[in-house]
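Worth saying up front: this structure is predicted, and the values here are computed from it rather than measured. Below, chain A is the first sequence line, B the second, and so on; all start at residue 1.
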There are 2 protein chains.
Amino acid sequence: MGVIFQIMNDKPRITLSEVALAADVSPITVSRALRNPDKVSAEARARIDRAIRELGYVPNPAARALASGRTDVIGVVIPSVSNNVFADVMRGIYEGLEGSSLGVQLGTTRYSPMTEEQLIRVFLSQRPAGLIVAGHDQSPAARALLSAAACPVVQIMEVGPPPIDLAVGLSHYHGARAGVEHLLAQGYRAPAFLGAQMDPRSQRRLAGFRDGLAAAGQADDPVVTTPEPSSVSLGCRLFADLLARRPQTDAVLCNNDDLAIGVLFEAQRRNIRVGAELGICGFNDHEMMSAAEPALTSVATDRLSMGRQAVRMVRDRLTGGGAPRGHALDLGFRLMPRASTARGRV
Amino acid sequence: MGVIFQIMNDKPRITLSEVALAADVSPITVSRALRNPDKVSAEARARIDRAIRELGYVPNPAARALASGRTDVIGVVIPSVSNNVFADVMRGIYEGLEGSSLGVQLGTTRYSPMTEEQLIRVFLSQRPAGLIVAGHDQSPAARALLSAAACPVVQIMEVGPPPIDLAVGLSHYHGARAGVEHLLAQGYRAPAFLGAQMDPRSQRRLAGFRDGLAAAGQADDPVVTTPEPSSVSLGCRLFADLLARRPQTDAVLCNNDDLAIGVLFEAQRRNIRVGAELGICGFNDHEMMSAAEPALTSVATDRLSMGRQAVRMVRDRLTGGGAPRGHALDLGFRLMPRASTARGRV
DNA sequence: AGCATGAATGACAGCGCTGTCATGCGTCAA
DNA sequence: TTGACGCATGACAGCGCTGTCATTCATGCT
């Protein structure tokens, strides 16, 4: 087997010099034609392009990285790939990458600050074109590394704390606060909060919920959370717990849409009329929310755009311009009131 | 700004030789201690490990790749990151990578065979540790490239056609066929098929549906599909279309769970009793299916395991062993009958 | 005409690491 | 005791590309 592989390994590898030979220029000119085409005469470029096409030349990124000390890779550091929110963000990132020669290197911290720090250290040591990290809650050492980084650093997901370099996201605090204020404005008397996977963003949503409630003069603290990862069935269970503990609950602000859908199903099972008897508000506004029956209210966030903008910020910096250090782009949120919080005539 | 970056770039970069100096061995010994620790004496290894830790040395993968002609990267070629199914698979892949020094390079074909071919060409030119590609429908040129590849190649998602090298997946044909047979066995008379984003896997599910129906003596071909990407709201719309066109429909086999959830919501809107009046069967068995009210029948597939196994196959090959060329791992599927296909006493 | 200027191109060296072969040394069987 | 062998280590060269400076040549100006 080893032998077979060896043989197959020996398929012709076209190098830049061979292209140069075929195009009758020096290797360095080919290199330039690839990186700064405008620094090479049109004729030379044409010959080089032809040679590249005919020989099927593909550049060797390792050699480029070694020689230039930079890579065309954006490091992305997120807690987990399972989380739906990050899946959307990743999609935005890949969309933002299109048309560039940039690649992505993804690392997951599994919500461990130490893993995150280590990951950042390794990524930075490879001199990436940029770094995209989730959140603002890095360890002090990780923050120090990021501050000293030689590449643009974009913190995604939230805005609020001053960014290390750049940031794009939204205020989860205010999003959740808008949600609970909507519930109260609709006339619900005893809203509760349901949360899973209580990462820093979730904590800030919870804070927004609490402050919104306190501002309305509510005294108790109707909150059910769990560190478990979020899911629809978890929404069912948490809602059941909530009702057992606090039967007077007449509305729930869910930390995300999964949970909200779970609450909807559980309410249906118990013949609770959603909207009239029970207000449900989700977070993120997954496409499914408007399709549900009844349609579910949610705080819409633009995860796709978050990823895209983060990449754009890096790309703008690479092309010389870009936002100055300290710039934070607030993507905002939009409350989408739907039938699930239409209390109607009671 | 350029100047600032320049300055920051000059942070100390520890090289292997510096570690060697500190550990009082030659660079090559450090290299060996990193790659084949058992080829270095315990004392030398201890000194080297200490030096690495004290200096904070991080290997330069570009230099390694250039010198050795291999990379520690598995290329992954999938149609799209948006598709939920691939998100699950990616999660499995990342899980499978844990504990190895392997990385992932992800490329998306956006369902274009030409893009796929180009992507495969570029990935292969970087001599990856392995390649994971979705499906069996590559262009002839792409197949030729993959056949000649010097690294393990795993085709994921489906089994059936003989693999180029290795494969892991399931038979979408038989999964869908099991679904429609279940519907018929439950006593539904006029099942229909709803499909979105009709990729090759979806086509095979459709074929399974059709054959299952024909075997039961059904004459018409009740199929509603669209090339649009799948979503819950699309499920609502397709189901509405279906009812308009073929009112006698009493069951739907959905190409995936999103659509099935959409059908559920639309049925609720129309006061159609799901289960008794309308059978619904999804595909993949997303966690949400069992939590829904009523719980939705689905054909369970293990996307997570698919990703994990694909990586395992590559890793096994790298460590010398592994399955022989031509091996296909059938992960199978499991029909999960639930309330949504309990026709009960009509 | 003579010179400065800038565009196009090239020579050279080296990025950090590893494959290949060679070396030194201790151990074992004959 | 001697040669053969295996183990731990090292020397050397080079992977494919680009940064830096140097060179050439045509252009526009005084």
**Request:** Using only heavy-atom distances, determine whether the side chains of B/Thr109 and B/Ser112 contain a donor-acceptor pair under 3.5 Å.
**Result:** no
**Request:** Using the salt bridge (Lys or Arg N to Asp or Glu O under 4.0 Å) rule, collect all pairs that involve residues 25-38 of chain A, keeping only residues at least two apart or in two chains.
**Result:** A/Arg35-A/Asp72
**Request:** Round to a whole Å and report the spacing from CD1 of A/Ile48 to C1' of C/dA8.
**Result:** 11 Å
**Request:** Answer with base, sugar-phosphate or nothing: what part of the nucleic acid does A/Arg45 contact at a heavy-atom distance below 4.0 Å?
**Result:** nothing
**Fill in**
Smallest heavy-atom separation, A/Asp165 atom then A/Gln155 atom, equals N-OE1, 4.5 Å
**B/Phe123 to B/Leu106 - nearest heavy-atom pair and separation** = CZ-C, 4.0 Å
**Proximity to DNA chain D (any heavy atom under 4.0 Å), residues of residues 17-35 of chain B only** = B/Val25, B/Ser26, B/Ile28, B/Thr29, B/Arg32
**Asked** Starting at CG of A/Asp72 and ending at P of D/dG16, how long is that distance when rounded to a whole Å?
**Response** 19 Å
**Message:** By the 4.0 Å heavy-atom rule, please label A/Ala44 as base, sugar-phosphate, or nothing.
**Reply:** sugar-phosphate
**Prompt:** To the nearest 10 degrees, what angle separates the axes at the start and end of the helix from C/dA1-D/dT30 to C/dA30-D/dT1, five pairs each?
**Reply:** 30°
**Fill in**
In terms of heavy-atom contacts, B/Val159 and B/Leu329 come closest through CG1-O, 3.4 Å
**Request:** Whole angstrom is fine here: how far is it from CZ in A/Arg70 over to C1' in C/dG16?
**Result:** 17 Å
**Message:** Just to be sure I understand the rule, does B/Ala65 reach a base, reach only the sugar-phosphate, or reach nothing, if contact means heavy atoms closer than 4.0 Å?
**Reply:** nothing
**Message:** If I take atom CD1 in residue B/Ile52 and atom P in nucleotide C/dG16, what distance separates them, rounded to the nearest angstrom?
**Reply:** 16 Å
**Message:** Would the distance check show the side chain of B/Arg303 and the main-chain N or O of B/Phe86 forming a donor-acceptor pair, the cut-off being under 3.5 Å?
**Reply:** no
Interface polar pairs with nucleotides 13-15 of chain C, N/O, under 3.5 angstrom:
residue: C/dC15; atom: O2; partner: A/Leu66; partner atom: O; Å: 3.4
residue: C/dC15; atom: O2; partner: A/Ala67; partner atom: N; Å: 3.3

**Asked** More 5' along DNA chain D: B/Asp38 or A/Tyr57, using each one's nearest nucleotide?
**Response** B/Asp38
**Request:** List the atom of A/Thr71, the atom of A/Ala65, and the distance in Å for their closest heavy-atom pair.
**Result:** CG2-CB, 3.6 Å
**Message:** I'd like to check the salt bridge (Lys or Arg N to Asp or Glu O under 4.0 Å) partners of B/Arg143; sequence neighbours left out, ordered by chain and number.
**Reply:** none
**Message:** In this structure, how many angstroms lie between the P atom of C/dG16 and the CZ atom of A/Arg64, rounded?
**Reply:** 18 Å
**Request:** Measure from the side-chain heavy atoms of B/Ser41 and tell me the nearest of C/dG19, D/dC17, D/dT9.
**Result:** D/dT9
**Prompt:** If you take all heavy atoms of B/Val19 and B/Leu55, which pair is closest and at what distance?
**Reply:** CA-CD1, 3.9 Å
**Fill in**
Heavy-atom nearest pair, A/Arg317 first then A/Pro324, reads NH2-C, 3.5 Å
**Message:** Whole angstroms only, please: what is the NZ-C1' distance between A/Lys39 and C/dG6?
**Reply:** 11 Å
**Test salt bridge (Lys or Arg N to Asp or Glu O under 4.0 Å) applied to A/Asp302 - qualifying residues, sequence neighbours left out** = none
